[in-house]
Amino acid sequence: MVGLSAYLVWLVFFKPAVYWTRYSEIVRLNDKLRQQPFLGGCFEDQAILRVLGPICARGSLRKSDVVPWHRRLGKTEFSVLKENLKIGKDVSVIRDGKRDKKNHHHDQDADPLISVVMPFYNQGLMTCQSVHELAQDSAKFKMEVIVVDDESSLEEVSIVKSCLRGMSAWYDFRYTYVRNDVSEGYSFSCNKGAEMARGSVLLFANNDMFVSNGAVGALINTLVTYPKAGIVGPLFLGQRDIQELGGVIYNQAGAANAFRGHTQVPKQLLMAHQVDYISAACIAMEKDVFIELGGFDRAYGRGYYEDTDLAMAVRHIGLRVVLQPFAVVYHQEGNTFGADSKEKRSLMSKNKQVFREKWKDALVHHMPEGTPFLETRERYMTNLVLWIDQVIPTPSYDSGSQRMWEILRYLLNSDVQVDFLPIHYFIPQEWLADVAFIRSRGIRLQPNKNETLCGKTMCPYKAIFIARPNTAEEVIKLVDRCCSGVPIVYDTVDLHFLRESRELLQQNKEGYASPEEAVQLALCGKGKNLEKSKECIEHMIMTTNPSAEVTADLVVNVTKVYKRLQSELDIVTRSVTTFVMSDVEDHVLQSQGMPASKMKLISNIYPDESISMGRKLVQDESSYVEKRNGGIFVGSFQHVPNIVAVRNLIRITDAIRTRHPDFVMHIVGSHHPPEDLHKQLKNHRGIRFHGFMADDDLTALYSQVMCAIVPLSTGAGVKGKVAAAYLHGIPVIGSRIALEGMGLNTDVDCFLAEELDEYVESYSSFRHNPELARQFASHGLEKIASTFSYSRATQLLDEVLRSLIISTDRDVTL
């Protein structure tokens with residue numbers, strides 16, 4: 001209790017001073033926030049509450065409330081994205097700084113994930129503040145803190161020990177205090193702390209640096225996911241501007257903090273990427289790697305160049321030094337030696353000579369001083385490909401983007417650098433998290449097609465991936481002019497002409513439109529004679545629907561579909577490899593003379609861990625017994641086939657409710673449906689329209705329903721909504737088009753339904769026999785796993801990379 005009391009007193013009376021702000025400003029901010037609920041009860045005294053209220057509610061005052069530099073950077077795209085950063089699923093990350101002891105209690109006997117090693121020399125209050133920020137941001141990780149006292153005064157030591165006792169109880173972490181017999185400097189102190197560490201990840205931290213929300217998670221996530229990451233560090237901010245966006249090492253052993261003094265991060269570098277070195281004021285690395293390298297070289301004494309040396313050593317054993325700009329750290333630079341002290345200048349000069357002598361053979365490959373910072377980063381972009389699509393992928397919103405992300409993830413994991421060029425470069429507010437996510441994983445967004453393709457003397461790309469025919473139409477001339485000879489890989493996403501032709505057929509004939517019929521209709525648009533086109537269309541449609549009318553608009557639309565067919569065939573011909581979504585598309589393209597050797601069936605891709613989770617769900621027999629009711633349909637209302645399907649679902653829902661009055665149809669989808677449809681959905685007693693749902697909420701909804709109902713009457717490719725149902729442990733009732741290309745067996749893995757009574761009978765079968773639904777879900781999931789798993793896709797993608805002669809084991813010269 002004594003330690004906790006001392007910690008709270010520190011929070012009240014000393015912590016605000018570290019932020020260089022007046023007490024009156026703190027009181028003003030706290031008055032605004034005072035109504036927030038307490039985390040742990042704290043105090044009733046109103047005078048103390050005025051200062052302590054926000055601290056109890058949030059763990060501490062946020063720097064965005066009281067520190068000018070944070071606001072000044074708020075205008076940049078970077079700061080907006082940073083606040084909306086979506087960390088990947090590899091590592092769980094705290095994002096709001098709130099502390100929940102119940103949810104984040106850690107077993108103190110288990111080894112921690114992170115060992116924070118923080119040397120300090122006096123400056124007790126600042127040390128307490130730095131640890132506090134780290135503890136707050138690391139609440140979801142099991143962490144230990146090792147503070148190494150480099151012969152501080154007893155008064156300063158007392159402050160640090162008291163704060164550590166209070167914080168360790170408040171934030172549930174273990175701490176270790178160790179004191180050097182004599183002042184040894186930064187390198188020795190870090191090595192000493194690392195030897196005592198129990199965590200698998202070391203986080204070296206100066207006592208004058210403060211992490212922002214999500215920074216620790218971003219560093220750890222990058223260390224796990226970035227290929228061959230040896231050291232990972234953050235973006236360092238000063239009081240008003242950038243302090244360091246990674247470091248540069250020049251060929252004469254000089255070093256510089258990149259973009260120091262700038263107020264914006266260049267868009268070309270707003271991604272996780274390799275750098276020469278990162279200041280040891282805050283770096284993360286695996287303990288085993290640090291020990292293997294022998295730690296910081298003690299030849300550098302009390303500091304300077306020890307972090308530069310460590311970066312060179314990491315690259316020497318084949319690992320990378322990675323900057324994660326979405327991990328943001330505020331560094332009160334110069335507090336150890338002073339901003340520009342005589343001791344600092346002496347150490348830097350002496351250690352520069354030590355560094356130059358040690359790494360003279362490697363330094364000849366570095367650039368001379370004066371080289372623009374952007375050019376110093378280009379030497380790491382040697383295995384570079386370009387992906388071009390209409391817009392930036394948003395994996396949170398649609399299955400097409402999820403598939404694209406899995407392909408991009410494969411490329412990154414295969415040591416391939418990726419530039420992504422969206423034809424329409426815009427980032428709506430709701431996309432910010434997805435955009436930040438793909439950038440944080442190492443993908444560079446390119447905003448301008450002319451500059452990207454033609455802005456350099458030589459085309460820098462080893463391959464160009466083009467998605468969708470309209471994308472190819474817009475860029476193919478630029479590719480030919482500026483990147484001639486670079487192999488093209490074409491991704492159909494789905495055969496657009498096939499989908500468009502089916503939409504026309506669906507409007508003019510009843511029943512299922514086969515791929516062969518869709519191709520036949522498209523070919524009716526061949527040539528310039530509209531009369532012949534009309535005769536061809538009449539002959540085809542009237543055989544199944546004698547009352548159909550072949551209008552002039554229909555003839556024109558069929559002509560457009562034929563042009564789309566020719567456009568897709570042209571880009572397939574130009575490509576060295578074409579990604580198709582299903583064997584149906586493969587067959588269609590081959591029927592039009594395209595060689596089978598070009599085709600690679602790269603359909604929807606689902607992570608192996610998602611398949612494993614689905615297996616656990618279908619193994620739970622109890623979840624199907626009297627616990628599930630109703631159906632679900634998931635699809636974006638930006639996609640016309642989904643709108644048509646939802647209109648069909650209204651009729652299907654009415655039919656099922658005649659036999660099962662408690663049946664409820666849940667409809668989930670991003671974007672707004674047409675107004676008339678929206679009113680129908682809102683007013684229907686048997687339908688719940690949810691709009692867009694976050695992953696966790698959608699997963700919870702899947703656990704309540706009996707099955708997915710997918711009555712698509714048009715479309716192409718494969719349907720992510722069908723696979724998603726099985727991955728969430730439920731079976732599917734669907735139309736022929738919904739099930740096309742999925743590899744499912746009807747009456748074993750799924751029910752096929754086209755007429756209303758077929759949907760009613762299929763649902764009734766599941767409702768009366770939940771075990772049958774579970775068996776269908778289990779069988780269907782195994783089909784999904786055999787066809788759409790990430791591990792299967794990687795085998796095919798490996799073949800593609802080999803055919804492109806792209807190395808998947810890049811070595812960068814030191």
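For the residue pair Ser789/Ser791, the side-chain donor-acceptor check at 3.5 Å is satisfied. A donor atom on one side chain and an acceptor atom on the other are found under 3.5 Å apart for Lys721 and Asn642. Residues Gln680 and Asp676 have side chains that never bring a donor and an acceptor to within less than 3.5 angstrom of each other. Checking Thr222 against Gln324 by side-chain atom types alone, a donor-acceptor pair falls below 3.5 Å. Side-chain contact of Gln417 with Asn383: a donor-acceptor pair under 3.5 Å is absent, judged by distance alone.
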CA sep, side-chain torsions, deciding dist, call: Ser713, Asn648, side-chain contact (heavy atoms from CB on, under 4.5 Å): CA-CA 9 Å; Ser713 56; Asn648 290 337; 4.1 Å; yes

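Across all their heavy atoms, Ala522 and Val561 have their closest contact at CB-CG1, 3.7 Å. Residue Ile632 comes nearest to Leu698 through the heavy atom pair CD1-CD1, 4.1 Å, listed as atom of the first residue, atom of the second, then distance. Across every non-hydrogen atom of Tyr226 and Arg441, the tightest pair is CD1-O, 4.4 Å.
For Asp434 (side chain) and Ser396 (main-chain N/O), a donor-acceptor pair under 3.5 Å exists by modelled atom type. The main-chain N or O of Ala518 is found under 3.5 Å from a side-chain atom of Ser501 such that the two form a donor-acceptor pair. Formation of a donor-acceptor pair under 3.5 Å by the His424 side chain with backbone atoms of Pro422 is not found in this model. In this structure, the side chain of Ser610 does not engage the main chain of Tyr606 through any donor-acceptor pair within 3.5 Å. Proximity of a side-chain donor or acceptor of Ser401 to a complementary backbone N or O of Pro393 within less than 3.5 Å is not detected. Listed for the Tyr410 side chain is a donor-acceptor partner under 3.5 Å among the backbone atoms of Asp798. A donor-acceptor pair is defined here as one N or O able to donate and one able to accept, closer than 3.5 Å; such a pair exists between the side chain of Tyr726 and the backbone of Asp749. Looking only at distances, a side-chain donor or acceptor of Ser803 sits under 3.5 Å from a matching main-chain atom of Val800. The backbone N or O of Leu712 sits less than 3.5 Å from a side-chain atom of Ser735, completing a donor-acceptor pair.
Annotation: cation-pi geometry not satisfied between Arg403 and Phe788 (NZ/CZ under 6.0 angstrom from ring centroid, within 45° of ring axis).
Taking the six-membered ring where the residue is Trp, the centroids of Phe637 and Phe692 are separated by 6.0 Å or more. Outside the 6.0 Å centre-distance limit, the rings of Tyr380 and His273 are not counted as a close aromatic pair.
Comment: Arg468 does not engage Asp491 in a salt bridge, judged by the lack of any side-chain N to carboxylate O separation of less than 4.0 angstrom. At a threshold of 4.0 Å, the pair Arg574-Asp480 counts as salt-bridged, since one of the basic side-chain nitrogens sits closer than that to a carboxylate oxygen. Between Lys563 and Glu473 there is no salt bridge, since none of the side-chain N atoms of the basic residue sits less than 4.0 Å from a carboxylate O of the acidic one. Between Arg499 and Glu585, no side-chain nitrogen of the basic residue sits less than 4.0 Å from a carboxylate oxygen of the acidic one, so the salt-bridge criterion is not met.
Take Thr578 and apply the side chain to side chain donor-acceptor pair (under 3.5 Å) test, not counting sequence neighbours, and it matches Ser575. Residues meeting the side chain to side chain contact (heavy atoms under 4.5 Å, CB included) test with Glu451, sequence neighbours left out: Asn448. A search for side chain to side chain contact (heavy atoms under 4.5 Å, CB included) contacts involving Val550 returns Lys534, Ile537, Glu538, Met542, Leu554, Val555, not counting sequence neighbours. The side chain to side chain contact (heavy atoms under 4.5 Å, CB included) check on Asp583 picks up Leu601, with sequence neighbours excluded. With sequence neighbours excluded, the residues satisfying side chain to side chain contact (heavy atoms under 4.5 Å, CB included) with Thr573 are Met594.
Contact of the Thr714 side chain with the Val640 side chain is not registered, since no non-hydrogen atoms from C-beta on lie closer than 4.5 Å. Within the 4.5 Å cutoff, no side-chain heavy atoms of Ile443 are placed close to those of Met271.
Applying the disulfide bond (SG atoms under 2.5 Å apart) rule to pairs touching residues 409-477 yields Cys454-Cys482, Cys459-Cys483, sequence neighbours excluded.
The aromatic rings of Phe579 and Trp387 sit tilted, their planes meeting at an angle between 30° and 60°.
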